Amino acid sequence: MPAPAERRADRWLILAVICLVQLVVILDNTVLNVAVPSLTKQLGATTAQTQWVIGAYSLAQAGMLIAAGGLADRYGRKLVQMIGLGLFGLGSLGGALASTPGELIAARFGMGVGGSLLLATTIALVVRTFDAEEQPKAMGAAMGVGSLGFALGPIIGGALLAHFWWGSVFVVNLPICVIGLLAVARYVPESKDPQGERPDLLGALLSIVGLVSVVYAIIQGPGYGWTSGRTLVPGAIGVVFVALFVLWERRTPHPLLDMSFFRNARFRGAISGGVLVSFGMGGSLFLLTEHLQFVLGYGPLEAGLRTAPMALTIVLLNLTGTGMRVTAKLPGPVAIASGLSLMAGGLAAIAVLGRHGEYLGILLGLVLMGAGVACAQPAMAGAVMSSIPPEKAGVGSGLMGTLSELGNSLGVAVLGAVLTAGFAASLPHGMPKDAARSLPEALATAGPDRAHQVANGFADSLTSAQLIGAVAVLLGGLLAAWLIGRAITGTPAGGGSVPGPAESEPATAV
């Protein structure tokens with residue numbers, strides 16, 4: 001493996017620029033979550049269309065991330081990051097000007113393409129800028145700033161929605177994109193894989209078609225039915241193309257994704273746990289905004305302020321170094337299992353204690369989740385990035401992001417389907433089941449006499465869906481900790497030796 005990057009005098013300034021780029025992606029998602037109920041009302045969007053506004057972004061990101069990481073490693077991470085900022089800004093402008101749910105979904109897809117280029121380069125640039133000793137501190141700082149976006153996003157979104165039209169939540173991205181472009185061009189050094197001149201175009205095509213098809217089937221499953229041809233056909237196409245991608249990557253001498261990464265149990269443990277964590281977190285946080293606004297009756301700004309404690313807890317623990325000092329004293333598997341157990345407990349507290357309108361229960365849950373993220377996230381990211389060569393940081397980061405987006409899409413789709421199915425079953429006798437597509441539609445159909453019963457049914461369904469998310473996060477933490485622990489002790493879960501980063505050999509023609 002190459003020697004670690006030398007300590008640059010301007011490395012912390014570079015980190016600040018990288019954090020700014022990351023901030024624009026996170027701000028958009030958290031701002032949009034608060035705007036979901038406003039979009040539902042003002043654009044006349046159904047629950048399915050609202051899920052697509054979020055899902056189109058995940059679809060594009062999941063489909064592009066591995067290819068984006070490979071492009072960044074081959075052609076330059078700085079170049080790819082600048083292209084990503086430009087595309088993200090153009091997509092944000094399109095979202096602000098959208099007048100129908102379809103136009104907004106298309107704009108979100110464009111933003112997802114730009115976001116994939118940004119996410120595939122952020123962690124890679126940290127790895128290439130800081131040496132092994134400073135990487136945990138740099139990652140903790142980056143995650144702390146990213147969490148600041150989670151805290152600021154709902155507040156900014158609520159303030160904008162209180163005074164402007166819903167499209168203003170996209171306009172806020174534009175100045176950040178412009179500043180980010182100028183800062184990246186001026187301060188971020190270029191880096192690339194010196195052995196990566198030859199592009200793996202077929203591998204990129206296979207990965208994009210396969211992953212887009214799989215995520216599309218996941219998103220469409222709840223609406224069309226999991227056994228419908230409109231779900232099974234794209235799902236089958238996706239599985240075939242992913243399988244072809246794996247076979248091709250094992251044979252080509254210049255793979256986009258080195259399949260030997262998966263021989264490392266530390267790598268497998270981190271990404272497997274990450275999928276389940278993203279499933280629980282993505283779906284549950286999607287439900288939380290509906291809980292706060294539809295069940296507890298908070299306005300957009302009030303809801304935004306009430307979601308901030310989770311992110312502020314992460315910021316406090318990461319930027320003060322408290323989280324890093326605590327987790328540094330723990331073995332990696334223990335830090336991951338403890339952190340994700342805290343996250344699962346927080347989700348359960350929100351579901352159970354917040355069920356009857358008590359915000360204190362939700363506050364407790366948010367603080368527990370924040371502490372859990374601050375404990376587990378750096379350990380999981382470190383486990384992934386330490387198990388691959390630094391010159392492959394882009395594709396490793398892209399793979400991490402891809403699986404996270406898959407989990408997030410699956411979480412929104414499955415937990416959204418659980419909510420819809422439970423809500424439909426709880427509707428008073430005589431009400432049409434399609435009224436369960438959204439709570440405002442159901443309340444309008446029910447009338448004042450049955451409104452209380454409808455609202456209670458929606459709240460009960462939310463609780464069930466959130467508890468499923470909590471179980472998924474807990475299982476993810478235990479799975480990741482077990483696999484990484486086996487790797488550290490040298491006892492592979494599937495038998496045989498476990499190669500470390502230095503032992504993983506590049507894929508060659510079979």
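Just so it is clear, the structure is predicted and the values come from calculations on it, not from any experiment.
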* Asked: Quick one: CG on D460 to CG on N456, what's the gap to the nearest 0.5 Å?
  -> 6.5 Å
* F458 vs V454 side-chain heavy atoms within contact, under 4.5 Å -> no
* Structure fact -> Between the OH atom in Y359 and the CD1 atom in I350, the distance rounded to the nearest 0.5 Å is 9.0 Å
* CG-CG distance between L415 and L419, expressed to the nearest 0.5 angstrom -> 9.0 Å
* Asked: Can you check whether V171's main-chain N or O pairs, donor with acceptor, with S168's side chain at less than 3.5 Å?
  -> no
* Shortest non-hydrogen contact between F170 and R108, atoms and distance -> CE2-CD, 4.0 Å
* Nearest-0.5 Å distance that lies between atom CD1 in I362 and atom CE in M369 -> 11.5 Å
* Any S341 side-chain heavy atom under 4.5 Å of L474 side chain -> yes
* Asked: Is any side-chain heavy atom of T227 less than 4.5 Å from a side-chain heavy atom of T231?
  -> no
* Asked: Can L244 and V240 be said to form a side chain to side chain contact (heavy atoms under 4.5 Å, CB included), step by step?
  -> CA-CA 6 Å; L244 290 173; V240 169; 4.1 Å; yes
* Asked: Tell me, do Q466 and L347 make a side-chain contact under 4.5 Å, heavy atoms counted?
  -> no
* From OG1 (T313) to CG (L366), nearest 0.5 Å -> 8.0 Å
* Shortest non-hydrogen contact from G94 toward A107 -> C-CB, 3.6 Å
* So which pairs with a foot in residues 83-94 pass side chain to side chain donor-acceptor pair (under 3.5 Å), sequence neighbours left out? -> S92-N173
* So, S338 side chain and A335 main chain: donor-acceptor pair closer than 3.5 Å or not? -> no
* Asked: Between atom CG of L118 and atom CD1 of I18, what is the distance when rounded to the nearest 0.5 Å?
  -> 11.5 Å
